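Worksheet: the structure to be examined is printed underneath.
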Amino acid sequence: MTAHDTAAYETAVARYFEAWNAASADDVAKAVAAAWTEDGSYTDPLADVTGHAAIAAVIAGAHEQFPGFEFRQTGAVDGNHHIARFGWELVSVADGSAPVAGFDVIALADDGRIRTVHGFLDRVPTA
């Protein structure tokens, strides 16, 4: 991976969204394995987990909390060396509303899979 390997960043982010938007538990597990290293981690204000099973469980929890929603990238992926950042929204398929939005910073392993995710929430639903 070069210092500014745009294709590697975009591929990693595409795999990331495939995992978050996978329809079944089997599909989530396969997509997480394709996107993250075995010891990969995911950290945001609501979760701090390591490993494929734990990451898949966080994704399943989001699906349960927001049925009928999908994660969509906002803007371009920006990266350097082994680190990239990108914005996202959680969008209702039914009406296009996006109650949750944020940005993530990922670090990639040499094979292009995600080693770490640090997520930040910019917009969350109010109680």
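Count residues from 1 along the sequence. Quick caveat: nothing in here was measured; it's all calculated off a predicted structure.
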Under 4.5 Å between side-chain heavy atoms, hopping through other hydrophobics if needed: is there a path connecting [X] to [Y]?
X      : Y     : value
Val32  : Val58 : yes
Ile106 : Leu90 : yes
Tyr9   : Trp20 : yes
Val77  : Trp88 : yes
Phe71  : Phe69 : yes

Spacing of [X] atom [atom1] and [Y] atom [atom2] [to the nearest 0.5 Å]:
X      : Y     : atom1 : atom2 : answer
Ile114 : Ser41 : CD1   : OG    : 10.0 Å
Asp5   : His82 : CG    : NE2   : 9.0 Å
Asn21  : Asp27 : CG    : CG    : 11.5 Å
Thr116 : Ile83 : OG1   : CD1   : 7.5 Å
Arg85  : Asp78 : CZ    : CG    : 4.5 Å

Less than 4.5 Å apart, any side-chain heavy atom of [X] and any of [Y]?
X     : Y     : result
Ser97 : Val91 : no
Ile55 : Trp36 : yes
Glu89 : Gln73 : no

(request) Kindly give the heavy-atom pair with the smallest separation between Pro45 and Gly119, and that separation in Å. (result)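 The answer is CD-O, 3.5 Å.
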(request) Quick one: closest heavy-atom pair of Ala12 and Leu108, and the distance? (result)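 The answer is CB-CD2, 3.5 Å.
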(request) Tell me, please, which residues at least two apart from Phe86 pass ring pair (Phe, Tyr, Trp, His ring centres under 6.0 Å). (result)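 Scan of Phe86 (ring pair (Phe, Tyr, Trp, His ring centres under 6.0 Å), adjacent residues dropped) gives Tyr16, Phe17.
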(request) Mind running salt bridge (charged side-chain N to carboxylate O under 4.0 Å, His left out) on Glu38 and Arg113 for me, showing each step along the way? (result) CA-CA 10 Å; Glu38 289 79 8; Arg113 289 189 297 162; 3.2 Å; yes
(message) Is a donor from one side chain sitting under 3.5 angstrom from an acceptor on the other, for Ser24 and Asp26?
(response)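 There is no such pair between these side chains.
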(request) Before accepting this row, confirm whether a basic side-chain N of the pair Glu10/Arg15 lies closer than 4.0 Å to the acidic partner's carboxylate O. (result)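 So Glu10 does not pair with Arg15 through a salt bridge.
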(message) Once side-chain hydrogen bond (donor to acceptor under 3.5 Å, both in side chains) is applied, what residue pairs with a partner in residues 45-67 remain, sequence neighbours excluded?
(response)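 Residue pairs with at least one partner in residues 45-67: Thr43-Asp48.
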(request) Please identify each residue that fulfils side chain to side chain contact (heavy atoms under 4.5 Å, CB included) with Asp44, with sequence neighbours left out. (result)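 Side chain to side chain contact (heavy atoms under 4.5 Å, CB included) check on Asp44 returns Tyr42, Leu46, Ala47.
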